Structure formats: C-alpha cells, structure tokens
Number of protein chains: 2
Amino acid sequence: MSKVGRVVNRLAERAARAVRCCTPPAPSRLGPEAAACCAHLFRALADETRLQILGLLAAAREALCVCDIEANFALSQPTISHHLKVLREAGLVRAERRGLWVYYSLDRQGLAAVVEFGSALD
Amino acid sequence: MSKVGRVVNRLAERAARAVRCCTPPAPSRLGPEAAACCAHLFRALADETRLQILGLLAAAREALCVCDIEANFALSQPTISHHLKVLREAGLVRAERRGLWVYYSLDRQGLAAVVEFGSALD
DNA sequence: CACCTGTATAGACGAACGTCAATATACTTC
DNA sequence: GAAGTATATTGACGTTCGTCTATACAGGTG
C-alpha cells in the first residue's frame with residue numbers, strides 16, 4: 001500500500017474509535033509551520049562544534065574571521081566553513097567580508113528566537 | 001594515516017604558523033562539556049514532530065496519555081513512543097504511569113535550560 | 001597578468017536519525 | 001491465569017548529517 005494510503009487508513013481507524021481514553025483534544029500551541037521553522041533553528045544548534053563556535057563569538061564580543069574560529073578546533077577548514085553556513089542560514093550568525101577575510105558575528109535575532117520558544121511553552 | 005595522526009599534524013601545523021591573522025584567541029563561553037550537554041538538548045528539539053508534541057503538552061496544561069498524543073499525528077505508535085523517549089531523556093518531558101496508561105507532561109526544567117542558553121550567549 | 005592566501009563549494013563515505021512492522025512488556029479484567 | 005489493551009523495545013531500511021579531500025572562487029600583491 002502507498003504511504004498516503006497507510007496514513008489515510010490510520011486516520012480513518014482513529015475516527016472510527018469513538019471512545020477517547022481520557023482528555024479531549026487540545027489545539028497545539030505550535031502549528032506545523034511554526035514547528036518546522038523552529039526545528040530548523042534547533043537543528044543548527046544540535047551540534048557540539050556549532051555551539052562552541054557560538055560560544056567563541058559570544059566571548060569575543062566582536063566579529064571573528066574564519067581562520068580565528070578554525071584555530072580553536074581540530075577540524076578541517078571546509079568543515080568549519082560548512083558549520084558557519086548552517087549557522088548563517090539559521091539566522092544565528094552574520095558574515096561580513098573585509099578584504100581577503102570574512103568576519104562572523106552573533107546574530108542576536110536568532111538567539112532571541114531560542115529564548116522566545118522556551119518562554120512560549122512555559 | 002590514522003585519524004589521530006591527522007589531527008596531531010593539523011594542530012602542529014597551526015602552532016608553527018606563528019603569525020595570527022587578526023585577533024588574539026578568546027576563551028570560549030561554552031566549554032566542550034557544556035556544549036555536548038546543550039547539543040543533546042537541542043538535538044531533542046531538532047524534530048518537527050517532537051516540537052509539536054511539546055506544543056500539545058503546553059496547550060493542555062496537564063498531563064496527556066500517549067494515545068491522546070498519538071491521535072494528533074499520522075505516525076505509528078512505536079514512532080511516537082520513540083519521540084517521547086527522546087524528549088524524556090533530554091529532560092523536556094516527564095512520564096508517569098496511571099494504571100494501564102502512561103501520562104506525559106512538560107518538564108519546565110528542560111525548557112528553562114533552553115532559555116538559559118539563549119540568554120547566556122547574549 | 002601571474003601568483004598567493006583566505007574562504008566556499010562539490011562529491012564521497014560512514015555514522016546517526018526517523019520511520020515502520022513485528023514483538024515484548026505492563027497492567028487490567030473476566 | 002487467560003485474554004485484552006496501552007505502551008515500549010527490537011531490528012530493518014532509506015535519508016540526513018558531519019567529516020574529509022579535492023577543487024573552485026575571491027581578493028590581495030608582485
């Protein structure tokens with residue numbers, strides 16, 4: 001059976017089961033689209049190296065060039081570049097070119113989103 | 001060459017490069033052990049389904065049994081059980097057995113950790 | 001212009017993850 | 001204790017992720 005078919009079957013089966021076991025359904029506080037957006041953000045934070053990069057940028061309190069960041073890890077340059085890209089696309093850091101170097105700094109907006117999420121569910 | 005060998009080589013090479021390009025090294029605000037711990041937490045949040053489960057529990061403002069949670073998703077029972085386990089082990093939800101059912105509720109401590117992280121880097 | 005240096009991208013590979021069907025476990029009821 | 005229901009665990013499979021090497025691109029310098 002197709003995947004869609006299986007899903008439909010499962011939902012129909014649930015609808016048929018008239019008696020709910022305990023509490024009535026409550027509308028989630030996090031819609032599917034909001035959840036997808038937050039998941040993208042948290043996926044960027046779900047790696048030890050990326051968290052340490054954020055820690056470095058926070059401690060520096062100023063922009064750092066890639067080679068400075070790279071110097072703190074026993075990882076190849078492309079790997080660091082990859083992590084920076086993930087952080088950038090999640091809105092957690094910003095990049096700025098200065099001549100030959102690219103400087104990265106924290107993007108407070110992304111961090112604010114993290115705090116917001118935690119507070120919203122509380 | 002072994003992985004360790006490669007890493008050692010890379011570090012030695014960096015030490016040899018006497019001239020740093022721009023800023024002096026700053027101690028990270030997030031040690032390796034703290035980063036690993038936070039990464040574990042965020043990995044649990046890095047999935048759309050798990051975020052929606054948290055949203056459900058937050059909206060309910062009371063414990064929900066697994067079948068109630070399950071009813072909100074087109075996913076198999078073992079899959080939901082798996083997600084609940086991940087959330088449990090991250091300290092984001094708590095489980096409590098009541099007769100035949102297991103009730104899940106938010107664990108504010110885990111959520112507080114998320115907020116703390118966001119604030120700490122700011 | 002040719003060359004060098006810093007950063008990004010492409011492609012490959014193994015590990016980890018989300019999902020499922022099948023099965024086991026925990027508890028209740030007859 | 002046998003049967004039924006709610007939840008957890010196991011093992012398999014395809015996908016995503018982190019890492020690497022090799023290479024491309026961008027911006028300086030002779």
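Everything quoted here is computed from the prediction, not taken from an experiment. The sequence lines fix the lettering, A, B, ..., with proteins before strands; numbering per chain opens at 1.
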B:Phe42 CZ to D:dC17 P: how many Å, rounded? 17 Å

A:Glu33 atom CD, neighbour heavy-atom count above 12 within 6.0 Å: yes

Would you sort out whether A:Gln52 and A:Phe73 count as a side chain to side chain contact (heavy atoms under 4.5 Å, CB included), showing the intermediate values? CA-CA 9 Å; A:Gln52 289 193 63; A:Phe73 302 93; 3.7 Å; yes

Take the protein atom CD of A:Glu70 and the nucleotide atom C1' of C:dT5, then report the distance between them rounded to whole Å. 12 Å

Can you check the B:Leu45 CG to C:dC17 P distance for me, whole Å? 14 Å

Once side chain to side chain contact (heavy atoms under 4.5 Å, CB included) is applied, do any residues pair with B:Arg108, and if so which ones, sequence neighbours excluded? A:Asp122, B:Arg61, B:Leu106

Starting at atom OH of A:Tyr103, determine the distance to atom P of D:dA26, rounded to an integer number of angstrom. 20 Å

Would you indicate whether the side-chain heavy atoms of B:Leu121 and A:Leu111 approach each other to under 4.5 Å? yes

B:Arg50 vs C:dG18: side-chain N/O to OP1/OP2 distance below 4.0 Å: yes

Under 4.0 angstrom between B:Arg43 side-chain N/O and C:dA16 OP1 or OP2: no

Protein-nucleotide distance (A:Asp68, atom CG; C:dG6, atom C1'), rounded to Å: 12 Å

In whole angstrom, what separates B:Leu75's CG from C:dG18's C1'? 9 Å

Write out all pairs satisfying salt bridge (Lys or Arg N to Asp or Glu O under 4.0 Å) with one or both partners inside residues 111-121 of chain B, taking only residues at least two apart or from two chains. none

Rounded distance in Å - CG (B:Leu64) to C1' (D:dT7): 15 Å

Side chains of residues 38-50 of chain A: which donor-acceptor partners sit under 3.5 Å, not counting sequence neighbours?
residue	atom	partner	partner atom	Å
A:Asp47	OD2	A:Thr49	N	2.9
A:Asp47	OD2	A:Arg50	N	3.2
A:Arg50	NE	A:Ala44	O	2.7
A:Arg50	NH1	A:His83	ND1	3.0
A:Arg50	NH2	A:Arg43	O	3.2

Please walk me through it: do A:Tyr104 and A:Leu84 pass side chain to side chain contact (heavy atoms under 4.5 Å, CB included)? CA-CA 8 Å; A:Tyr104 281 85; A:Leu84 288 170; 3.7 Å; yes

Full working for salt bridge (charged side-chain N to carboxylate O under 4.0 Å, His left out) between B:Arg98 and B:Glu96: CA-CA 7 Å; B:Arg98 295 185 201 167; B:Glu96 173 199 359; 3.6 Å; yes

Atom pair distance, as rounded to whole Å: CG in B:Asp47 and P in D:dT15: 17 Å

Under the salt bridge (Lys or Arg N to Asp or Glu O under 4.0 Å) definition, can you give me all pairs with a residue in residues 78-91 of chain B, not counting sequence neighbours? none

Sort me out a list of protein N/O and nucleotides 3-5 of chain D N/O pairs below 3.5 Å, or just none if empty.
none

Protein N or O to nucleotides 8-14 of chain D N or O, pairs below 3.5 Å:
residue	atom	partner	partner atom	Å
D:dA8	OP1	B:Tyr104	OH	2.7
D:dA8	OP2	B:Ser81	OG	3.0
D:dA8	N7	B:Gln77	NE2	2.8
D:dA8	N6	B:Gln77	OE1	3.1

Just N and O in the side chain of A:Ser76: are any of them under 4.0 Å from OP1 or OP2 of D:dT19? no

